[in-house]
Amino acid sequence: MREISLRRSSGIEIQRMTTLTRRGRRADVGQENRVDSEDYIKDKDEEESADSKDIRLTLMEEVLLLGLKDKEGYTSFWNDCISSGLRGGILIELFLRNRVVLEPSTLRKKRLTDRKVLLKSDTPTGDVLLDETLKHMKATEPAETVQSWIELLTGETWNPFKLQYQLRNVRERIAKNLVEKGILTTEKQNFLLFDMTTHPVSNTTEKQRLVKKLQESLLEKWVNDPHRMDRRTLALLVLAHSSDVLENAFSSLSDEKYDMAMTRSKELLDLDPDTEGNKPNTCEMIWAVLSAFNKS
C-alpha cells in the first residue's frame, strides 16, 4: 500500500513539475515573442520617423521649386517651357505610381510617341492634379499619346471639344501644395500696373537637398548609364531640362564642375529615347516624355 501511495504521490509530483516546466517554457516563449514584437515596433517606429524627416515631393513640385527664384518667389517671365514640363511631370508621376502604362510596342507602333497612354488604375492618388488627370484619361476614348496629353493638359489644341482637358492654374496649385508642406510662403508684390501673388522659398534646406541630389547624380554619383540611375532622379533631370530650369541647379558649382555637369547632362539627354525606352527594365514613360519634348 505504501509503495502504491508513494508511486501515486511521485507521479503527481512529476506531473506537477512537468506542468510547471511547460508553463515556464510558455512564459519564456511569450516573453521572447513580446520582446521581439516590441523590438519590431521600435524598429518600425524608427524607420517611420527617419522617413518622415524627408518631405516627399512630387516631380511637379520639384520642377517648380527649381524654377522659383528664392527671394522673389516667382519663375522667370521669359520661361515659356515650364508649363508643358509640369504636364510631362504629371504623366511620369502617374506612371511611377502604377496608374498608367504605355500600350505594348508592335511592328506598327515601335516609336514611343506613337504608343497610347492606357489607364491601369483610376484609384485616387491624393494629389488634386494627378487625380484630375486620371478623370480626364478615364473619360477619353480612344486613348491619346504622350505628346497629345501634354498638349491637351496645357491647352494647346485646336479642337474646341478638348479644351475641357486643360489643367488650369497649375503653377499656383503646385505652389500652394509647397506652402502646405512648409517649403514656400505666400506674399503679394506690386509690379506697378498689377499685384501678383508670389511664393518665396522659406525652407531653403529642402531646396538645397534637391539641388544637391541633381548635382551629385552628374558628378560624385555619376554612373554613366541612365538605366542604373534612380528613376525619379532621371525623371527630374529630363523634366528640369525640358522646363528650362536645369541650369538653376548648377549655378552654385565651380566653373570646372559646372562644365562637367552640363556636358554629362547633354550626353544623357541626347540619347535616342526610342532606343533607351525599348531596353529591358527601363522606365518607358520618362523616355516617351523626352521624345515628345524633342519633337515639339
Side-chain angles (χ1 to χ4, degrees), residues 58-64 66-67 74-97 99-106 108-125 127-177 196 235-236 238-246 269 273-274 277 283-296:
T58 64
L59 290 169
M60 304 85 74
E61 291 166 350
E62 290 181 333
V63 169
L64 183 64
L66 286 174
Y74 54 83
T75 58
S76 172
F77 291 122
W78 311 110
N79 189 339
D80 58 352
C81 302
I82 196 167
S83 292
S84 54
L86 292 173
R87 272 69 174 186
I90 290 173
L91 296 179
I92 297 176
E93 190 73 49
L94 287 173
F95 181 89
L96 294 176
R97 297 192 186 200
R99 297 306 193 279
V100 298
V101 293
L102 287 180
E103 66 178 339
S105 175
T106 63
R108 292 180 58 192
K109 294 183 178 180
K110 281 188 175 181
R111 295 189 304 172
L112 293 169
T113 50
D114 293 335
R115 293 158 63 184
K116 306 292 181 68
V117 179
L118 305 179
L119 189 64
K120 185 177 180 181
S121 170
D122 61 352
T123 305
T125 63
D127 182 275
V128 178
L129 289 172
L130 296 179
D131 292 342
E132 190 175 332
T133 304
L134 281 177
K135 288 180 180 178
H136 289 325
M137 289 182 170
K138 188 176 181 180
T140 303
E141 188 64 38
E144 300 282 356
T145 63
V146 169
Q147 187 167 7
S148 295
W149 271 119
I150 292 175
E151 293 171 354
L152 290 172
L153 297 174
T154 311
E156 298 175 357
T157 176
W158 293 101
N159 189 338
F161 298 105
K162 292 190 175 182
L163 287 173
Q164 59 180 324
Y165 296 139
Q166 180 182 2
L167 297 178
R168 302 182 183 278
N169 304 318
V170 170
R171 292 190 215 186
E172 183 62 26
R173 290 158 77 179
I174 295 173
K176 284 183 178 178
N177 287 344
M196 186 174 79
L236 183 58
V238 168
L239 294 170
H241 165 72
S242 304
S243 303
D244 198 19
V245 298
L246 184 58
L269 297 163
D274 287 308
C283 185
E284 295 177 313
M285 187 62 76
I286 295 176
W287 298 106
V289 168
L290 178 60
S291 182
F293 283 130
N294 288 345
K295 273 194 161 188
S296 60

Only counting residues at least two apart or in another chain, list the ones meeting side chain to side chain donor-acceptor pair (under 3.5 Å) with D114. R111
Residues in ring pair (Phe, Tyr, Trp, His ring centres under 6.0 Å) with H241, at least two apart? none
Measure the shortest side-chain to side-chain distance between L91 and V100 over non-hydrogen atoms and say whether it is less than 4.5 angstrom. no
Grab the two heavy atoms, one from D131 and one from T125, that are nearest each other, plus how far apart they are. OD1-N, 2.7 Å
Set of side chain to side chain donor-acceptor pair (under 3.5 Å) partners for T123, sequence neighbours left out: S121
Run the ring pair (Phe, Tyr, Trp, His ring centres under 6.0 Å) test against F293 and tell me which residues pass, sequence neighbours left out. none
Could you work out, with side chain to side chain donor-acceptor pair (under 3.5 Å) as the rule, every residue matching K162, not counting sequence neighbours? E144
Side-chain donor-acceptor pair under 3.5 Å between R87 and T133, yes or no? no
Has E93 got a side-chain atom pairing as donor or acceptor with L59's backbone, closer than 3.5 angstrom? yes
Quick one, E284 and R115 - any side-chain contact, counting heavy atoms below 4.5 Å? yes
Tell me, please, which residues at least two apart from W149 pass side chain to side chain donor-acceptor pair (under 3.5 Å). none
Are any non-hydrogen side-chain atoms of D122 and R99 less than 4.5 angstrom apart? no
Between the side chain of N169 and the main-chain N/O of E172, is any donor-acceptor distance below 3.5 Å? no
Test item: S84 side-chain N/O and C81 main-chain N/O as donor-acceptor pair under 3.5 Å: yes
